[in-house]
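Structure record follows, encoded as structure tokens.
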Amino acid sequence: MPDSIIIPAPAKVNLTLDIKGKRPDGYHELETVMHQINLVDIITIEKQEAGIEVVTSSDLVIDDETNLAYRAAALILEKSHCRAGVKIIIQKNIPVGAGLAGGSTDAAAVLKGIRQLFDLRLDDRALHEMGLALGSDVPFCLRGGTALATGRGEVLGRLPDNLHLNMVIVKPPYQVSTAEVYKAFRPEQVKRFPDTDAFIESWYNCDMIGICDYMENVLESVTEEQYAEIKTLKNQLVQLGALKAVMSGSGPSVLAIFDQLDSAVRAFEIMKKTCQETYIVSSYLKEEVL
Ligand code: ATP
């Protein structure tokens, strides 16, 4: 058996995000289309005698037991009664606190990586349950691709991977707290709700115009209120030729969809001059990394 493993951890964007109500358990009832993109953290997991150690390449992420990758390792090792230890090295490429599920995807990669490294007898269902205990986005990150996520985000309906989207992502130079944004959400302040059914129909038909027409994120009503710049960024991206620009997750990242790669490249080059954290990305294809 190998002593180490390297696992890619792709970010996600929310192509639609709607909140259907508040649940008795305090979580929000979500309806969101999630889509993996090729902005990817690289996770190396090495076996060690005992204990868990995390090393990251980013100053913005703490290397201690609060790191979601650490918590994922502790959970799976405990649940599988595995007494070995691991060192987890995270090459952080996904911006932190950006609405791109950076921590969740690292946690998902650690669960999958440790299962494989130690050949643990855990099925996907068991991994899903552990993922959900770590965070609402982790089950999607385990599954990947494109999915309609409902419930807390853990009820996943797979959508076909029949579209390869060209996107530019702009992350303003601050982080937002997902928990605070959800807490401040008030449906009466939402200007536009997504039509998720129409979005999904367009997705099945590969109808880019329909897809872009129906993309909306109700959490913009909270985060844009606080940071007016988000709206400005969306307008700029549309002026640069994007078919649509919306905020991802709780923000503050903005994602813009382009019908042609060259127009995405042009917009990327212009945005990059004023926003350091600008990325040109596309849909994540499992075989393209490593
Ligand atoms: P989501 O879209 O799932 O709500 P996010 O993309 O907005 O998440 P993250 O990048 O996951 O946000 O970071 C949220 C918080 O989690 C940060 O305060 C960060 O310090 C903490 N964190 C813990 N572990 C990690 C990790 N492995 N990578 C990134 N952030 C982590």
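Source: prediction; values computed, not measured. Just so you know, ligand 1 is whichever comes first in the structure, and atom 1 is the first atom listed for that ligand.
- Set against the non-hydrogen atoms of L68, the atoms of ligand 1 under 4.0 Å away are 23 (C), 24 (N).
- Remark: ligand 1 atoms within the under-4.0 Å shell around heavy atoms of G97 are 7 (O), 9 (P), 10 (O), 12 (O), 13 (O).
- Ionic pairing of D123 and R121 is not present here: no N-O contact between side-chain nitrogen and carboxylate oxygen is shorter than 4.0 angstrom.
- Heavy atoms only, all atoms of each residue included: M271 and L240 are closest at SD-CD1, 3.6 Å.
- Aromatic ring orientation, W203 versus H35: perpendicular (interplanar angle above 60°, classes split at 30° and 60°).
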Test salt bridge (Lys or Arg N to Asp or Glu O under 4.0 Å) applied to K183 and E180, step by step: CA-CA 5 Å; K183 213 159 77 191; E180 293 298 318; 3.7 Å; yes
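- Contact annotation for atom 21 (C) of ligand 1: protein absent (non-hydrogen atoms, distance under 4.0 Å).
- At the shortest separation from atom 11 (O) of ligand 1 among protein heavy atoms lies G103 N, 2.8 Å.
- Hydrophobic clustering of Ile, Leu, Val, Met, Phe, Trp and Tyr side chains at less than 4.5 Å, counting indirect connections, keeps L17 apart from V246.
- Where the criterion is an N or O separation shorter than 3.5 Å, residue side chain and backbone included, A101 meets it with respect to ligand 1.
- Under 4.0 Å is where a charged nitrogen must lie from a carboxylate oxygen, and between K79 and E129 no such pair does.
- Salt bridge K20/E29: absent, no basic N to carboxylate O contact under 4.0 Å.
- Residues meeting the ring pair (Phe, Tyr, Trp, His ring centres under 6.0 Å) test with Y204, sequence neighbours left out: none.
- Ligand 1 has at least one atom lying under 4.0 Å from a heavy atom of K12.
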When the side chains of residues 3-14 are checked against the rest of the protein, which donor-acceptor pairs come out under 3.5 Å, sequence neighbours left out?
from	atom 1	to	atom 2	distance (Å)
K12	NZ	N14	OD1	2.6
K12	NZ	G99	O	3.1
N14	OD1	G249	N	3.0
N14	ND2	T32	OG1	2.8

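- Every atom of ligand 1 is numbered from 1 in the order shown, and the set under 4.0 Å from a heavy atom of D106 is 26 (C), 27 (N), 28 (N).
- The ligand atoms of ligand 1 that sit less than 4.0 angstrom from a heavy atom of D137 are 1 (P), 2 (O), 3 (O).
- For atom 15 (C) of ligand 1, no protein heavy-atom neighbour is present inside the 4.0 Å cut-off.
- Close contacts between ligand 1 and N67 involve ligand atoms 23 (C), 24 (N), 25 (C), 26 (C), 27 (N) [criterion: under 4.0 Å to a heavy atom].
- Ranked by closest heavy atom to atom 17 (C) of ligand 1, the top entry among T105, T178, V96 is V96.
- Closest to atom 18 (O) of ligand 1 among all protein heavy atoms lies Q175 OE1, 4.0 Å.
- For ligand 1, the polar-atom distance check against S250 finds no nitrogen or oxygen pair separated by under 3.5 Å.
- Within ligand 1, counting atoms from 1 as listed, the ones closer than 4.0 Å to a heavy atom of G99 are 2 (O), 5 (P), 6 (O), 7 (O).
- For the residue pair E154 and Y27, no side-chain donor N or O sits within less than 3.5 Å of a side-chain acceptor on the partner.
- Annotation for ligand 1: atoms under 4.0 Å from non-hydrogen atoms of L100 are 2 (O), 6 (O).
- Exactly one residue among N166, I211, L15 makes a side chain to side chain contact (heavy atoms under 4.5 Å, CB included) with I257. That residue is L15.
- Nearest protein heavy-atom neighbour of atom 28 (N) of ligand 1: K92 NZ, 3.0 Å.
- Of all atoms in ligand 1, numbered sequentially from 1 with element shown, those under 4.0 Å from a heavy atom of S104 are 3 (O).
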